[in-house]
Amino acid sequence: MAVGFIRPHLPFGAPKKYRDLYTNTTLPPIPHPNKPSGRTTWHGSGEFMKYHRWNKDPRTDAQFADQLRLHYAACVSYIDAQIGQLMHSLDTLNLRDSTTIVLWATMAGILENTLSGQT
């Protein structure tokens, strides 16, 4: 059996109950918010910048960056719940002990890379 989940992936969207988990949450500051001088691997995440951003740039607008980070966290919580449901189903069907589970993420860190310039 193969199961695929699209989140967290651009555009960041999760059901309201998962966004609500992060209401009034204060995130730690972005460790390296400013582009370094000289030659760098800093990039603008072309895919991310193609989405509607209400004329805001998370690289220069810290409040917008935090909003995006909260949406990303909601997506992660949503997928965590989906994996939990899958695990519960495997338990219910007595298949867990005979099932190999592999988690693979292809977009891990996309938001952090956009905001901090990492590659």
Side-chain angles (χ1 to χ4, degrees):
M1 166 177 34
V3 179
F5 299 106
I6 195 169
R7 299 288 181 241
H9 194 287
L10 295 169
F12 301 129
K16 183 180 183 312
K17 76 180 209 176
Y18 298 99
R19 291 191 318 268
D20 288 347
L21 293 172
Y22 297 93
T23 300
N24 299 320
T25 297
T26 301
L27 297 170
I30 298 169
H32 305 287
N34 299 316
K35 181 178 180 178
S37 60
R39 291 185 71 174
T40 178
T41 59
W42 188 280
H43 64 90
S45 184
E47 180 185 5
F48 177 83
M49 293 303 181
K50 289 178 185 176
Y51 287 93
H52 179 61
R53 295 173 283 114
W54 307 273
N55 296 319
K56 297 180 181 180
D57 187 336
R59 297 167 298 176
T60 58
D61 183 336
Q63 184 177 12
F64 183 56
D66 283 346
Q67 290 173 352
L68 291 172
R69 294 170 68 205
L70 291 171
H71 280 277
Y72 184 84
C75 288
V76 171
S77 294
Y78 173 63
I79 289 305
D80 184 59
Q82 301 313 299
I83 293 169
Q85 289 179 12
L86 177 63
M87 300 299 288
H88 176 74
S89 295
L90 290 172
D91 287 339
T92 300
L93 297 169
N94 294 317
L95 294 173
R96 189 169 181 171
D97 290 340
S98 61
T99 302
T100 300
I101 299 164
V102 178
L103 297 178
W104 188 290
T106 61
M107 297 298 287
I110 187 71
L111 179 61
E112 289 79 6
N113 292 348
T114 298
L115 298 177
S116 68
Q118 301 170 19
T119 58

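We're numbering straight along the sequence, starting at 1. These numbers were taken from a predicted model, which means no experiment stands behind them.
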With sequence neighbours excluded, tell me which residues meet salt bridge (Lys or Arg N to Asp or Glu O under 4.0 Å) with D61.
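If we apply the salt bridge (Lys or Arg N to Asp or Glu O under 4.0 Å) test to D61, skipping adjacent residues, there are no hits.
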Under the rule for salt bridge (Lys or Arg N to Asp or Glu O under 4.0 Å), what residues qualify as partners of K16, not counting sequence neighbours?
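With neighbours one apart ignored, the set is D20.
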Quick one: [atom1] on [X] to [atom2] on [Y], what's the gap to the nearest 0.5 Å?
X	Y	atom1	atom2	answer
I101	L90	CD1	CG	5.5 Å
F5	I83	CZ	CD1	5.5 Å
F12	L70	CZ	CG	12.0 Å
L86	R96	CG	CZ	9.5 Å
R7	Q82	CZ	CD	11.5 Å
L68	Q63	CG	CD	11.0 Å

Nearest atoms (heavy-atom pairs only) where P8 meets V76
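Taking every non-hydrogen atom into account, CG-CG2, 3.9 Å.
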Which atoms form the tightest heavy-atom contact between A65 and P58, and what is the distance?
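Shortest heavy-atom separation between A65 and P58 comes out as CB-O, 3.4 Å.
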Side-chain contact test, heavy atoms from C-beta onward, threshold under 4.5 Å: evaluate it for R69 versus P28 and give yes or no.
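R69 vs P28: side chains touch.
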Can you name the ring pair (Phe, Tyr, Trp, His ring centres under 6.0 Å) partners of Y18, sequence neighbours left out?
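In terms of ring pair (Phe, Tyr, Trp, His ring centres under 6.0 Å), with neighbours along the sequence ignored, Y18 is linked to Y78.
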Shared ILVMFWY cluster between I6 and L10, side chains joined below 4.5 angstrom?
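Hydrophobic grouping puts I6 apart from L10.
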